[in-house]
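What follows is one structure encoded as structure tokens, with my remarks underneath.
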2 protein chains.
Amino acid sequence: MATADGSAGLRTGEVAEQAGVNIQTLRYYERRGLLAAPARTIGGHRVYPADTVALLGVIKTAQRLGFTLDEVAELLETSRRRHPTPDLRQRATDKLAEIDAKIADLTAMRAALADVVAARCDSLTNCTCADCPFPFIDISHLTEGSP
Amino acid sequence: MATADGSAGLRTGEVAEQAGVNIQTLRYYERRGLLAAPARTIGGHRVYPADTVALLGVIKTAQRLGFTLDEVAELLETSRRRHPTPDLRQRATDKLAEIDAKIADLTAMRAALADVVAARCDSLTNCTCADCPFPFIDISHLTEGSP
DNA sequence: GGTAAGCCTGTACCCAGGTACCGAATGCAA
DNA sequence: TTGCATTCGGTACCTGGGTACAGGCTTACC
């Protein structure tokens with residue numbers, strides 16, 4: 001079996017193994033619109049193009065970095081349709097702000113945790129050590145609203 | 001009604017409102033071990049110590065920054081028991097590494113997104129613009145394994 | 001003491017993101 | 001051609017983190 005681009009196709013199990021995901025997850029992503037419905041053998045078995053593995057890598061990465069599956073699906077859908085809308089750019093810009101906020105939060109948390117470690121703090125709420133940095137300095141007062 | 005430390009107690013609705021959480025969430029956190037079972041009125045209504053609101057702030061912040069409720073619960077439980085184990089310090093150290101990894105991922109993603117914006121890229125997978133930074137440069141090759 | 005607001009328990013449900021299991025059909029190699 | 005591994009579709013279930021009732025009791029205030 002060969003695909004449009006001439007490369008050999010992959011079966012479900014091969015894709016799943018190479019991408020490190022569950023087979024069920026592939027079908028789930030297909031239902032969710034993240035993976036286009038692949039070609040089929042005469043018998044009905046899926047035959048994926050070889051770059052599906054890379055695509056799954058993109059999906060997993062985007063997801064791990066805070067995009068929901070719906071967001072990824074939309075982004076990919078927009079990509080597939082190829083109308084050169086400023087959509088991706090706009091979304092990327094929006095996401096950039098979100099990511100900056102997350103980085104800021106994480107950086108603040110990092111600092112607080114580093115203080116905890118440095119202060120040899122032993123409790124989150126009742127620490128007996130002097131100069132306890134936890135938890136009422138800045139931990140409670142970080143930016144709200146990007147849960 | 002007064003609490004052990006002499007401050008006035010708060011009712012469920014007051015705590016929920018001040019902390020910006022749902023009333024049901026308070027009971028949920030109690031079941032999950034994040035909030036200690038509070039005192040009760042004779043009639044059975046919960047009476048929370050005043051610092052519960054701050055505690056909820058800590059919980060929400062920790063959660064938003066990547067700690068699961070179970071992790072927060074364990075941390076708080078350890079705190080309550082007061083045996084000065086190096087537990088918090090150890091966990092904080094571990095979490096520090098996790099947070100550093102996340103920051104690194106986010107920073108990489110930020111850079112990629114910034115490139116997308118700068119390059120006026122219009123597609124996630126088939127971008128026609130020259131110098132397309134998306135998605136097969138570093139997006140797919142970030143650190144795996146802290147989903 | 002009446003009454004409305006607030007709270008009680010219990011159970012059920014929601015969303016996201018998957019996983020597991022079923023019995024039947026297919027693929028492939030010996 | 002036989003036989004075992006894979007895959008099929010469908011449906012049910014799982015975890016995490018909550019939310020939403022229902023039906024009854026308690027508090028607060030006039």
Side-chain angles (χ1 to χ4, degrees), chain A residues 1-2 8-35 37-48 52 55-76 98 144-147, chain B residues 1-2 8-35 37-48 52 55-76 98 144-147:
Chain A
M1 184 63 56
L10 298 169
R11 286 178 301 141
T12 303
E14 293 171 324
V15 172
E17 189 184 353
Q18 289 178 35
V21 304
N22 194 298
I23 287 178
Q24 321 285 25
T25 302
L26 293 181
R27 300 209 286 118
Y28 177 63
Y29 283 1
E30 191 178 323
R31 281 205 299 284
R32 290 287 300 258
L34 288 148
L35 295 180
R40 301 281 186 140
T41 64
I42 296 167
H45 287 200
R46 290 172 179 80
V47 181
Y48 291 96
T52 302
L55 180 54
L56 284 165
V58 173
I59 293 170
K60 283 297 173 191
T61 302
Q63 194 183 11
R64 199 155 40 78
L65 296 182
F67 290 86
T68 66
L69 288 186
D70 277 348
E71 287 172 328
V72 179
E74 277 184 67
L75 240 22
L76 292 174
E98 266 181 53
E144 294 286 348
S146 56
Chain B
M1 186 60 61
L10 298 169
R11 286 177 302 141
T12 303
E14 293 172 324
V15 172
E17 190 185 352
Q18 289 179 36
V21 303
N22 194 299
I23 287 179
Q24 320 284 26
T25 302
L26 293 180
R27 300 209 290 116
Y28 178 64
Y29 283 1
E30 191 177 324
R31 282 205 300 284
R32 292 286 301 259
L34 288 147
L35 295 180
R40 300 281 187 142
T41 63
I42 295 168
H45 287 197
R46 289 172 180 80
V47 180
Y48 291 95
T52 303
L55 180 53
L56 284 166
V58 173
I59 293 170
K60 282 296 173 193
T61 301
Q63 194 183 12
R64 199 156 38 79
L65 296 181
F67 290 86
T68 66
L69 288 185
D70 277 349
E71 287 173 329
V72 179
E74 276 184 68
L75 240 22
L76 293 174
E98 264 180 56
E144 294 286 348
S146 55

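Sequence lines set the chain letters: A, B, ... in the order given, protein chains first and strands last, and positions in each chain run from 1. All of these numbers come straight from a predicted model, not from anything done at the bench.
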Query raised in the report: Can you find a side chain N or O atom of B/K60 that sits less than 4.0 Å from OP1 or OP2 on D/dG18?
Result: yes

Query raised in the report: Do any side-chain nitrogens or oxygens of B/Y29 fall under 4.0 Å of OP1 or OP2 in D/dG18?
Result: yes

Query raised in the report: Does D/dT19 have OP1 or OP2 sitting under 4.0 Å from an N or O in the side chain of B/T25?
Result: yes

Query raised in the report: Nearest-Å distance, CG (A/N22) to C1' (C/dC21)?
Result: 12 Å

Requested in this report: Tell me whether the OP1 or OP2 atom of C/dG17 has a side-chain N or O from A/R32 closer than 4.0 Å.
Outcome: yes

Report summary line: B/L34 atom CG is separated from D/dG18 atom C1', nearest whole Å, by 12 Å

Query raised in the report: What is the distance, rounded to the nearest whole Å, between atom CD1 of A/I42 and atom P of C/dG27?
Result: 7 Å

Query - Atom-pair distance (CZ on A/R11; C1' on C/dT26), nearest Å - result: 11 Å

Report task. For the pair B/D70 and B/R32, evaluate side-chain contact (heavy atoms from CB on, under 4.5 Å) and give the outcome as yes or no after the intermediate values. Result -> CA-CA 8 Å; B/D70 277 349; B/R32 292 286 301 259; 2.8 Å; yes

Query - Whole angstrom value for the distance that separates C1' of D/dT15 from CG of B/D70 - result: 10 Å

Report task. Using only side-chain N and O atoms of B/T12, determine if any of them is under 4.0 Å from OP1 or OP2 of C/dG6. Result -> no

Query - Under-4.0 Å side-chain N/O to phosphate OP1/OP2 contact, B/R40 with C/dT9 - result: yes

Requested in this report: Kindly indicate, with the supporting measurements, whether the criterion side-chain contact (heavy atoms from CB on, under 4.5 Å) is fulfilled by B/L56 and B/Y29.
Outcome: CA-CA 10 Å; B/L56 284 166; B/Y29 283 1; 3.7 Å; yes

Query raised in the report: Could you give the distance from CD (A/Q63) to CG (A/L34), rounded to the nearest 0.5 Å?
Result: 8.5 Å

Requested in this report: Supply the atom-to-atom distance B/L35 CG to B/Y28 OH, rounded to the nearest 0.5 angstrom.
Outcome: 12.0 Å

Using the 3.5 Å cut-off, write out each protein N or O paired with an N or O of nucleotides 21-23 of chain D and the distance between them.
| residue | atom | partner | partner atom | Å |
| --- | --- | --- | --- | --- |
| D/dC21 | N4 | B/Q24 | NE2 | 3.2 |

**Report entry** Distance below 4.0 Å between B/R46 side-chain N/O and D/dT27 OP1 or OP2
**Finding:** no

Query raised in the report: When you match A/H45 and A/R31 each to their closest nucleotide on DNA chain C, which lands nearer the 5' end?
Result: A/R31

Query raised in the report: Counting only heavy atoms not in B/E30, do more than 12 sit closer than 6.0 Å to its CD atom?
Result: yes

Query raised in the report: For B/L26 and C/dC8, what is the distance between atoms CG and C1' respectively, to the nearest whole Å?
Result: 14 Å

Query raised in the report: Does OP1 or OP2 of C/dT26 have a side-chain N or O of A/T41 closer than 4.0 Å?
Result: no

Report task. Please round to the nearest 0.5 Å and tell me the distance separating atom CZ of A/R31 and atom CG of A/L26. Result -> 11.0 Å

**Report entry** Interatomic spacing from CZ in A/R11 to CD1 in A/I23 - rounded to 0.5 Å
**Finding:** 9.5 Å

Query raised in the report: What's the CD1-P distance between B/I23 and C/dT9, to the nearest Å?
Result: 12 Å

Requested in this report: Check the distance between D/dA5's P and A/E17's CD and give it to me in whole angstrom.
Outcome: 16 Å

